[in-house]
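Lettering of chains follows the sequences in order, A, B, ..., and the numbering in each one begins at 1. Everything numeric here is computed off the predicted structure, so don't read it as measured data.
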2 protein chains.
Amino acid sequence: MSGMLTIGRLADYAGVTVKAIRHYHERGLLTEPGRDSSGYRRYTAEHAVRLIKIRTLARAGVPLARVKDLLDADPETLTAAIAEIDHDLEDRIAQLRRTRDQLAQLRGGDRLFVSPEVADLLDDLRDLGVSERAIQAERDGWILMRTASPEDAALWLTEKRELMTDPEFRALYLDHDAAYDWPPDDPRLPGLADRTRSWLAAHPSRFGTRPVRNPAIARLAARSQPGASSPAWERLARLMTGQAGVKG
Amino acid sequence: MSGMLTIGRLADYAGVTVKAIRHYHERGLLTEPGRDSSGYRRYTAEHAVRLIKIRTLARAGVPLARVKDLLDADPETLTAAIAEIDHDLEDRIAQLRRTRDQLAQLRGGDRLFVSPEVADLLDDLRDLGVSERAIQAERDGWILMRTASPEDAALWLTEKRELMTDPEFRALYLDHDAAYDWPPDDPRLPGLADRTRSWLAAHPSRFGTRPVRNPAIARLAARSQPGASSPAWERLARLMTGQAGVKG
DNA sequence: CTTGACCCCGCCCCAGGGGCAGGGTCCGAC
DNA sequence: GTCGGACCCTGCCCCTGGGGCGGGGTCAAG
């Protein structure tokens, strides 16, 4: 009987902890071995074999209750289950690889937070010289839009891309961006308001039937983000709605 | 404020469950947003961005407590941590692949339970025509040996391989194997005992200085496994120790 | 004006162990 | 022959990362 294993040796051999073995006993996965005169558990090689099977399945993410069933089941059941578990494992590996890619994106950029199409748009805006503040606001707008309606967001995105091919729109976009920091009594504001109004008049929204406004305009004029406005923009809004006066 | 997100929309956008979001609030990973008039949480796009960061790190297996620290830390710390986490992820992928290989071994064979060298030995024994019962016993013996002393097991394995090149030893091994099932009064037993004794006399153990017996002999004669003996083997043992009588 | 989908909070549950307390035991060195 | 360190025993509570459920309030579309 000198060849029998103590729990620690068994644990080392199988590459698990002593605690785990006792846990498997509790769950009925591994039969309790006999005890020696001082109450120590004494294991045989068969326990080691069984334990390695348990460990292998458990490491593959199989719940212990199922491990128990599988090891007590007939070989065909086990074979089928192994195929399925292997499939699962393959999926998990693929998932981890995707996670790795996303992790790399975490270091910077917006690609993680918006769809690739929106990310491309944001990159184009950046190339155009749009401020980071505006790009941030733009990004947040698209996030919100997408949560409200992914399909509409896709449509609006297409429209926005078309608009960006219009030099006048691009100029207006950049000017509005710059105007953010102007003093509210800046003399350029009325002219900008006029240009914006005539552009809007010449480009009616195509989404007339839908209860949504043109996102380009939304972007230009109706920012609901808290703290996303400025004195100059507020004045601009008043100028554009024709109220040159105090408040609306 | 119509652009603000309910918890469900936010959850969908980020690809997590509502429960998880509330969990992140509890752990202080995501600040609680304001509530609307009926007590519903209302989220902004910034929450979405933060949540996606949390989700990405959490999916990479980073403990939530550390996620919190990382997202509040400076960019260099984050960058360094990401590198480390990525490394970790790589390791985990490799580990999963290994688990997949082991899972495949689970369907049969002994490669999962013993070292490759021992597995090779067992395969050779099988080729030699050794019974499954003996191979099983052999395997169990090697498991036990390895747990007792991996280095000694390796030495013994080398010796065993050498012995297996000796035709006389192979013949004895097979005969002992076959003798297991013989009746205890089988007339071939005394002859086998004699051959074994002379072989042993001609091949003294090389491990004389160590307090261990030659494993080949151990394999042949001294099986301590419960139920691993037979009437014929017991008679053989008595014959070899010279006690032709009743009991030893 | 109902009906289904959504939200609130709170409480208990799971796996798969880890950690610690408070004790007994074994074995090799001295 | 005894001492120290490594090992073993049981039992209990703790952790992560949520899931499930119950009992209730709310919102929006038909």
Residues, nucleotides or ligands: over 12 heavy atoms within 6.0 Å of Arg161(B) CZ: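 More than 12 heavy atoms, drawn from other residues, nucleotides or ligands, come within 6.0 Å of this atom.
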Taking atom CZ as the centre, does Arg9(B) end up with more than 12 heavy-atom neighbours from other residues, nucleotides or ligands that are less than 6.0 angstrom away?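 Counting other residues, nucleotides and ligands, CZ of Arg9(B) stays at 12 neighbours or fewer.
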I want to check something: taking the side chain as every heavy atom from C-beta on, are [X] and [Y] in contact at a cut-off of under 4.5 Å?
{"X": "Asp152(A)", "Y": "Met145(A)", "value": "no"}
{"X": "Ile7(A)", "Y": "Tyr40(A)", "value": "no"}
{"X": "His47(B)", "Y": "Thr31(B)", "value": "yes"}

State the [atom1]-[atom2] distance between [X] and [Y], to the nearest 0.5 angstrom.
{"X": "Leu122(A)", "Y": "Gln136(A)", "atom1": "CG", "atom2": "CD", "result": "9.5 Å"}
{"X": "Leu70(B)", "Y": "Leu29(B)", "atom1": "CG", "atom2": "CG", "result": "10.5 Å"}
{"X": "Thr56(B)", "Y": "Leu112(A)", "atom1": "OG1", "atom2": "CG", "result": "4.0 Å"}

Does anything in residues 75-96 of chain B pair up under salt bridge (Lys or Arg N to Asp or Glu O under 4.0 Å), and if so which pairs, sequence neighbours excluded?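 Every salt bridge (Lys or Arg N to Asp or Glu O under 4.0 Å) pair that includes a residue of residues 75-96 of chain B, provided the two are not neighbours, is Arg100(A)-Asp86(B), Arg100(A)-Glu90(B), Arg66(B)-Glu84(B), Asp88(B)-Arg92(B).
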Whole Å only: how far is the CG atom of Leu64(A) from the P atom of dG16(C)?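 Distance check: Leu64(A) CG to dG16(C) P gives 4 Å.
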Between dC6(C) (C1') and Asp36(B) (CG): distance, integer Å: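 One finds 12 Å between C1' of dC6(C) and CG of Asp36(B), rounded.
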Positions of residues 86-99 of chain A (non-hydrogen atom under 4.0 Å from DNA chain D), listed by number: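 Here the set is empty: none.
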Expected output is a numbered-order residue list: members of residues 9-26 of chain B with a heavy atom under 4.0 Å from any atom of DNA chain D. What is it?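 Going residue by residue through residues 9-26 of chain B, the ones with a heavy atom under 4.0 Å of DNA chain D turn out to be Thr17(B), Lys19(B), Ala20(B), His23(B), Tyr24(B).
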Side chain of Arg27(A) only, please: which of dC26(C), dA15(C), dC8(C) is the nearest?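 Selected nucleotide (nearest to the side chain): dA15(C).
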How close do [X] and [Y] get, heavy atom to heavy atom, and via which atoms?
{"X": "Ala48(B)", "Y": "Ile143(A)", "answer": "CB-CG2, 3.9 Å"}
{"X": "Thr44(B)", "Y": "Leu5(B)", "answer": "O-CD1, 4.1 Å"}
{"X": "Val16(B)", "Y": "Ala20(B)", "answer": "CB-CB, 4.4 Å"}
{"X": "Leu57(A)", "Y": "Leu71(A)", "answer": "CD1-CD2, 3.8 Å"}

At 10 degrees resolution, what angle do the end axes of the helix from dC1(C)-dG30(D) to dC30(C)-dG1(D) form when each is taken over five base pairs?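 What I find for the helix from dC1(C)-dG30(D) to dC30(C)-dG1(D) is an axis angle of 10°.
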Quick one: label [X] by what it contacts on the DNA or RNA (base, sugar-phosphate, nothing), any heavy atom closer than 4.0 Å.
{"X": "Arg59(B)", "result": "nothing"}
{"X": "Val62(A)", "result": "sugar-phosphate"}
{"X": "Arg66(A)", "result": "nothing"}

Is the shortest distance from a Lys or Arg side-chain nitrogen in Arg111(A) or Asp123(A) to a carboxylate oxygen in the other one below 4.0 Å?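 Salt bridge: yes.
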Polar pairs (N or O, both sides) under 3.5 Å between protein and nucleotides 23-25 of chain C?
unit_1  : atom_1 : unit_2   : atom_2 : d
dG24(C) : N2     : Tyr40(A) : OH     : 2.6
dT25(C) : O4'    : Tyr40(A) : OH     : 3.0

Between Arg41(B) and dC8(C), is there a side-chain N or O to OP1/OP2 distance below 4.0 Å?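 The answer is yes; a side-chain N or O of Arg41(B) sits under 4.0 Å from OP1 or OP2.
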Do the side-chain N or O atoms of Thr6(B) get closer than 4.0 angstrom to the phosphate oxygens (OP1, OP2) of dC7(C)?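 Affirmative; the distance criterion is met.
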Sidechain-backbone polar pair: Arg55(B) side chain, Ala14(B) backbone, donor-acceptor under 3.5 Å: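 Checking the backbone N and O of Ala14(B) against the side chain of Arg55(B), a donor-acceptor pair under 3.5 Å is found.
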5' priority, DNA chain C, between Glu32(B) and Gly61(A) [closest heavy atom]: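 Comparing both residues, the 5'-ward one is Glu32(B).
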Contact interval (first through last nucleotide) of DNA chain D with protein chain A, 4.0 Å heavy-atom: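 Range of nucleotides touched by chain A: dC7(D) to dT10(D).
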Would you please test Gln95(A) and Arg98(A) for side chain to side chain donor-acceptor pair (under 3.5 Å) and show each step? CA-CA 5 Å; Gln95(A) 176 64 50; Arg98(A) 251 171 282 140; 3.0 Å; yes
